[in-house]
Amino acid sequence: MTATIIDGKAFAAGLRERIGELASEFEQKAGRKAGLAVVLVGDDAASQVYVRSKGKATLAANMESFTHLLPGDTTQEDLLALVETLNADPLVDGILVQLPLPKHLDEQAVVDRIVPNKDVDGLTPVSTGQLALGLPGLVPCTPLGSLMLLKDQLGDLSGMDAVVIGRSILVGKPMAQLLLDANATVTIAHSRTKNLPEVVGRADIVVAAVGRAEMVKAEWLKEGATVIDVGINRLAPEPGAEKGRLVGDVDFAGASERASAITPVPGGVGPMTIAVLLRNTLVAAHRNAGLTPPEGL
Ligand code: GUN
């Protein structure tokens, strides 16, 4: 079997275009643009790239972008004070504090300070609880983007066997909740799972979110499975090359001979994360302005 390569980049581009149109309609109705504030502490190179691309994508979608770049030695107190300021700012609909934060800062305490109606990352205890209870709220971007790709590929997920590998707050746990809400039968596998190949071998849907290069082997997969690869790992450079290749958590070359569909790295799940961040910001903006979010967002 040769797998369909799921084009997350094209899907995300379509979603961003639609969000841009809806953001213009929001501006007409609300008399202001939807706004996203992104906070970066320190000078981590990868985080700087992410934050810059989030800012650009926000502006391209007809929304306002507020970027706050703070020095690496920012205190917990100063960071919490900025979050409070953004909580109270009527032009800010969404607040994203780029993770990871420098070691001396308490990440959970910072996230917990974000008001739930601006929690576009879906990481506060209120958002997490809303997802668990099936209440409307804001859902973490990467899992929601992954679910969109799965539904686009497979339609109704009812009764399918899904295995999520990884149990992080950002991806694994919310991904499992979303699949459960979509009526899949869900297993969460992790570093202590016994006989992972056998567990993966039962799955119609495999979501890999462990952060270990190519650890999911092609021969583990059930023939015809659909594979969502959330990992982004950089391999050591080949001799003479400056940078190593980016690969996912799945052995892509082998898996694409065995799965029925698979997301590539890069160009699969990655582009969906920013598109869903914009979607969450626009949903939050509608609610914050007392408007109903548009259907199908
Ligand atoms: N760092 C890597 N991914 C993410 C994300 O989705 N949200 C935040 N806040 N930080 C991240």
Side-chain angles (χ1 to χ4, degrees), residues 8 12 15-16 35-58 65-70 72 74 79-80 82-83 86-87 92-103 105-116 118-128 131 137-149 164 166-178 207-212 228-234 246 248-249 263 265-266 268-281 283-284:
L15 183 57
R16 280 163 54 169
L36 172 65
V38 176
V39 179
L40 174 63
V41 183
D43 51 11
D44 178 73
S47 291
Q48 283 176 336
V49 172
Y50 290 138
V51 166
R52 217 174 298 132
S53 55
K54 282 169 187 170
K56 269 199 220 161
T58 308
S65 165
F66 309 96
T67 303
H68 295 265
L69 302 175
L70 305 183
T74 299
L79 183 53
L80 291 176
L82 174 60
V83 171
L86 298 172
N87 281 344
V92 171
D93 294 295
I95 302 169
L96 182 142
V97 178
Q98 184 68 28
L99 305 177
L101 288 171
K103 292 275 175 286
L105 296 169
D106 180 346
E107 225 160 60
Q108 194 59 45
V110 172
V111 169
D112 288 359
R113 194 61 71 91
I114 298 171
V115 281
K118 298 189 181 188
D119 176 25
V120 286
D121 248 343
L123 295 179
T124 62
V126 169
S127 301
T128 309
L131 179 59
L138 292 162
V139 177
C141 304
T142 302
L144 184 52
S146 300
L147 186 77
M148 287 177 182
L149 294 178
V164 178
R167 53 177 158 178
S168 70
I169 302 295
L170 213 53
V171 184
K173 281 189 193 173
M175 186 76 239
Q177 295 272 7
L178 289 171
V207 180
V210 270
R212 282 176 54 194
I228 300 289
D229 191 350
V230 180
I232 303 179
N233 312 286
R234 196 173 284 285
L246 282 181
D249 290 349
T263 57
V265 177
V269 173
M272 292 300 291
T273 300
I274 291 187
V276 175
L277 175 65
L278 302 175
R279 176 251 177 221
N280 281 356
T281 303
V283 167

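In each ligand, atom 1 is the first atom listed, and ligand 1 is the first ligand listed. Note that this is a predicted model, so its numbers are computed, not measured.
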Query raised in the report: Does the side chain of V39 reach to within under 4.5 Å of the side chain of L86, using non-hydrogen atoms?
Result: yes
Report task. Would you indicate whether the side-chain heavy atoms of L101 and V110 approach each other to under 4.5 Å? Result -> yes
Query raised in the report: Among protein heavy atoms, which sits nearest to atom 1 (N) of ligand 1, and what does the distance come to when rounded to 0.1 Å?
Result: L99 O, 2.9 Å
Query raised in the report: What part of L96, side chain, backbone, both or neither, has a heavy atom within less than 4.0 angstrom of ligand 1?
Result: side chain
**Report entry** Minimum side-chain heavy-atom gap D249-V230 below 4.5 Å
**Finding:** no
Query - Under-4.0 Å heavy-atom contact with ligand 1, by part of V97 that carries it - result: backbone
Query raised in the report: Tell me, do K54 and L277 make a side-chain contact under 4.5 Å, heavy atoms counted?
Result: yes
Report task. May I ask you to check whether Q98 has an N/O atom sitting below 3.5 Å from an N/O atom of ligand 1? Result -> yes
Query raised in the report: Is any side-chain heavy atom of T58 closer than 4.5 Å to a side-chain heavy atom of V38?
Result: no
Report summary line: atom 6 (O) of ligand 1 sits nearest the protein heavy atom D121 OD1, 3.8 Å
Report summary line: Ranked by distance from atom 4 (C) of ligand 1, the top protein heavy atom is L170 CD2, 3.8 Å
